Protein chains: 2
Amino acid sequence: MSQSIQRAIDLIRRSAEHPMSLTEAAEMLGVHKSTALRILQTLEGARFVRKTGAGTYVFGSGLIELSELALGSMDLRQFASEHLRLLQRQTGHTVHLAQLTGDEIIYVDKVDSPAFDAVKLPSRIGRAVSIYASAVGKVILAHLSREERDRLLAHVTFERYTDTTFADRESLDAELARVAQRGWALDDGEHDAYVMCIAAPIMDSRGKVIAAVSVTAIEVIANLHQLKEKLPLLLETSELISKELGFTPERPSAPTAS
Amino acid sequence: MSQSIQRAIDLIRRSAEHPMSLTEAAEMLGVHKSTALRILQTLEGARFVRKTGAGTYVFGSGLIELSELALGSMDLRQFASEHLRLLQRQTGHTVHLAQLTGDEIIYVDKVDSPAFDAVKLPSRIGRAVSIYASAVGKVILAHLSREERDRLLAHVTFERYTDTTFADRESLDAELARVAQRGWALDDGEHDAYVMCIAAPIMDSRGKVIAAVSVTAIEVIANLHQLKEKLPLLLETSELISKELGFTPERPSAPTAS
DNA sequence: CCTTTGCGTTGCGTATGCTGCAATGTATCG
DNA sequence: CGATACATTGCAGCATACGCAACGCAAAGG
């Protein structure tokens with residue numbers, strides 16, 4: 001659409017990976033150096049990129065700050081933070097908070113194990129999660145209305161990542177029915193063969209599912225059975241967070257009792 | 001410099017704060033709605049903003065992801081991560097990692113206390129720290145070469161935030177001499193009257209200071225004396241991180257005493 | 001039910017603002 | 001000290017991003 005803005009975006013993307021010189025930037029865009037320079041200077045003014053002493057350009061603090069600001073202003077994240085950290089300490093495993101935003105599910109928080117022997121998972125805040133090959137994805141899908149579920153799955157092209165992946169709409173629907181009934185989801189290595197996961201939904205004040213919490217472990221650390229033992233803790237966490245968002249379970253016989 | 005890019009930047013900034021409608025965006029920029037639309041569509045294509053169901057635009061996951069990518073690719077952050085988390089658990093206080101990037105010092109990691117009663121500090125990853133009114137700033141300045149220190153302080157306009165602020169070059173230099181000699185810095189409420197802090201430097205393989213670790217507490221939780229008791233833990237942490245970066249202490253007679 | 005209003009969106013001619021060129025400045029090298 | 005390889009600045013031309021006006025659409029209101 002907008003040429004110069006697209007060029008600026010390309011440069012930002014590039015700067016997040018490697019430092020780049022002005023000449024590199026110009027070559028990458030296929031434009032004259034003076035053009036690249038003006039774009040970079042504009043970005044530099046906003047601290048979207050920063051110029052190093054060596055004259056190369058790198059990703060700037062302005063974007064990091066904005067991104068932290070945006071994440072920080074999410075109500076969900078604030079309400080959930082302490083519960084996630086408690087859950088991490090209780091289970092010893094990595095805890096994720098994934099939020100449904102528009103048509104995709106993205107990680108908005110992650111609490112790693114502080115232990116030295118902890119395995120670093122490839123998940124990253126801001127990154128989208130597979131909607132059908134993850135516990136958080138499935139548990140959110142399972143609790144959505146039929147229309148919304150169809151909308152989210154409309155543009156999905158299924159891919160069989162591992163043996164256990166639900167790689168077509170039919171088997172996925174069957175799985176989602178099971179998930180909806182019991183109220184939580186498993187991921188038995190459906191995206192990465194050795195990554196196990198359990199997830200529970202988070203509801204807002206209108207009872208709509210908007211996010212999910214999950215506990216993740218690799219098979220070497222804990223198998224599926226061991227992970228399931230943490231279910232009560234996980235469910236307690238998801239219920240507490242939902243409650244903080246104003247969700248009240250449907251049972252009419254349960255008033256504001258403490 | 002570049003008009004349309006500047007406009008795009010303004011819209012990104014705005015979207016990080018509130019959701020905005022197309023009309024709002026156009027009014028804010030003082031341009032026609034069609035112009036604002038094209039900019040937003042370009043940004044949307046890169047997931048720098050996202051369009052909500054209500055038709056408003058919000059900060060997109062693309063920028064969050066890029067920012068996490070940029071932070072994650074910093075070697076320092078990877079090497080330091082687990083040490084910071086250990087230090088947090090050992091001290092119970094908030095731990096910061098601040099890195100010297102260009103002419104400014106920014107927070108690149110932060111480990112809050114997971115305790116429920118923990119006070120949320122206003123610091124935020126990506127934000128710049130005062131270079132002369134913070135423990136991390138002072139400890140980095142104190143270990144820099146004379147030229148670099150002068151360069152960093154050249155454009156600084158001193159401001160006396162509190163009674164204890166070193167608000168002129170002369171008193172700051174005296175303080176920096178003390179800091180350099182003992183190898184760590186204090187912040188006795190020099191930026192915010194009730195925020196106490198101790199910091200130690202992190203060296204790279206060439207022995208140059210590139211970052212600092214700090215332990216922070218508000219006076220209600222721990223006074224300066226109590227904070228100083230954590231010094232051995234702090235120094236151990238900073239030395240371990242420096243070692244991971246390839247730094248070897250000059251003193252051959254100082255073994256790995258615990 | 002039709003009208004009105006307030007949005008977002010599209011097509012198009014125009015001029016603004018971006019681009020490329022060439023010249024200048026600056027640092028690093030032989 | 002000249003040569004090279006950069007980044008940077010000024011300027012003229014034209015491509016591109018702009019504003020306008022018309023359209024589509026949904027919600028509000030008579």
Side-chain angles (χ1 to χ4, degrees), chain A residues 1-15 17-60 101-103 145 147-148 151 154-155 206, chain B residues 1-15 17-60 101-103 145 147-148 150-152 154-155 206:
Chain A
M1 295 261 139
S2 191
Q3 190 186 52
S4 59
I5 294 174
Q6 189 57 54
R7 286 172 174 166
I9 289 170
D10 292 342
L11 288 186
I12 291 173
R13 284 244 160 80
R14 185 69 167 60
S15 75
E17 293 162 13
H18 311 282
M20 63 181 166
S21 69
L22 175 62
T23 310
E24 275 179 286
E27 276 172 10
M28 179 203 175
L29 295 180
V31 299
H32 198 268
K33 283 186 294 182
S34 58
T35 303
L37 178 67
R38 276 182 290 255
I39 296 173
L40 286 169
Q41 282 177 336
T42 307
L43 294 175
E44 196 185 357
R47 293 196 310 174
F48 279 20
V49 302
R50 182 173 55 81
K51 198 175 182 178
T52 66
T56 57
Y57 292 87
V58 297
F59 199 75
T101 58
D103 288 0
S145 69
E147 300 80 49
E148 285 202 275
R151 183 173 58 82
H155 306 295
R206 292 176 305 178
Chain B
M1 292 261 136
S2 192
Q3 189 189 52
S4 59
I5 295 173
Q6 189 58 55
R7 286 173 174 165
I9 289 170
D10 292 342
L11 288 186
I12 291 172
R13 284 240 160 82
R14 184 69 167 61
S15 75
E17 293 162 12
H18 311 282
M20 63 180 166
S21 68
L22 175 62
T23 311
E24 276 181 284
E27 276 172 10
M28 179 203 174
L29 295 180
V31 299
H32 197 269
K33 284 185 296 181
S34 59
T35 303
L37 178 68
R38 275 183 292 255
I39 296 173
L40 286 169
Q41 282 177 338
T42 307
L43 293 175
E44 196 186 357
R47 293 195 311 173
F48 278 20
V49 301
R50 180 172 57 81
K51 198 176 184 178
T52 66
T56 57
Y57 292 87
V58 297
F59 199 75
T101 58
D103 287 1
S145 70
E147 301 80 49
E148 284 203 277
D150 287 342
R151 182 173 60 81
L152 290 188
H155 307 295
R206 293 176 305 181

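Throughout, protein chains are lettered first and strands after them, A, B, ... in sequence-line order, and every chain is numbered starting at 1. What you are looking at is a predicted structure, and each value in this text was computed from that prediction instead of being measured.
- With distances taken from any side-chain atom of R7(B) to the nucleotides dC18(C), dG8(C), dC18(D), the minimum falls on dC18(D).
- Taking OG1 of T52(A) as the start and CE of M20(A) as the end, the distance is 11.0 Å to the nearest 0.5 Å.
- Taking 3.5 Å as the limit, the base of dC20(D) and the side chain of S34(B) contain a donor-acceptor pair of atoms between them.
- One can place NE2 of H32(B) at 12 Å from P of dG8(C), the figure rounded to the nearest angstrom.
- For I5(B) and dG17(C), the CD1 to C1' distance is 12 Å, given to the nearest whole Å.
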Quiz prompt | Trace of the side-chain contact (heavy atoms from CB on, under 4.5 Å) decision for Q3(A) with Q6(A) | solution = CA-CA 5 Å; Q3(A) 190 186 52; Q6(A) 189 57 54; 5.8 Å; no
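- Checked against dT9(D), dC6(D), dT9(C), the side chain of Q41(A) finds its nearest nucleotide in dT9(D).
- Each of Y57(A) and S2(A) was assigned the nucleotide of DNA chain D with the nearest heavy atom; the assignment lying further toward the 5' end belongs to Y57(A).
- Taking only side-chain atoms of Q3(A), from C-beta outward, the nucleotide of dA7(D), dA17(D), dG19(D) with the closest atom is dA17(D).
- Rounded to whole Å, atom P of dC18(C) lies 16 Å from atom CD of Q6(A).
- Rounded to the nearest 0.5 angstrom, I12(B) CD1 and E17(B) CD are separated by 12.5 Å.
- No side-chain donor-acceptor contact under 3.5 Å links R7(A) to the backbone of T35(A).
- As rounded to whole Å, 15 Å separates atom C1' of dC18(C) from atom CG of L40(A).
- Atom pair I39(B):CD1 and dG19(D):C1' shows a separation of 13 Å (rounding to whole Å applied).
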Practice problem: Begin with the C-alpha distance, continue with both residues' side-chain angles, and end with the deciding distance and a verdict on side-chain contact (heavy atoms from CB on, under 4.5 Å) for I39(B) and L11(B). | Solution: CA-CA 9 Å; I39(B) 296 173; L11(B) 288 186; 3.8 Å; yes
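- Closest to the side chain of L37(B), out of dG11(C), dT9(C), dG20(C), is dT9(C).
- Under 4.0 angstrom from either OP1 or OP2 of dT9(C) there lies no side-chain N or O belonging to R38(B).
- Distance CG (L22(B)) to C1' (dC7(C)): 9 Å, rounded to an integer number of Å.
- Dashed line: the shortest gap from a side-chain N or O of K33(B) to OP1 or OP2 of dA21(D) is not under 4.0 Å.
- A close approach under 4.0 Å does occur between a side-chain nitrogen or oxygen of T35(A) and OP1 or OP2 of dG20(C).
- Not one side-chain nitrogen or oxygen of S4(B) sits closer than 4.0 Å to the OP1 or OP2 atom of dA17(D).
- Checking dA7(D), dT16(D), dG8(C) against every side-chain atom of T23(B), the shortest atom distance belongs to dG8(C).
- Straight-line distance from the CG atom of L11(B) to the C1' atom of dA17(D): 15 Å, rounded to whole Å.
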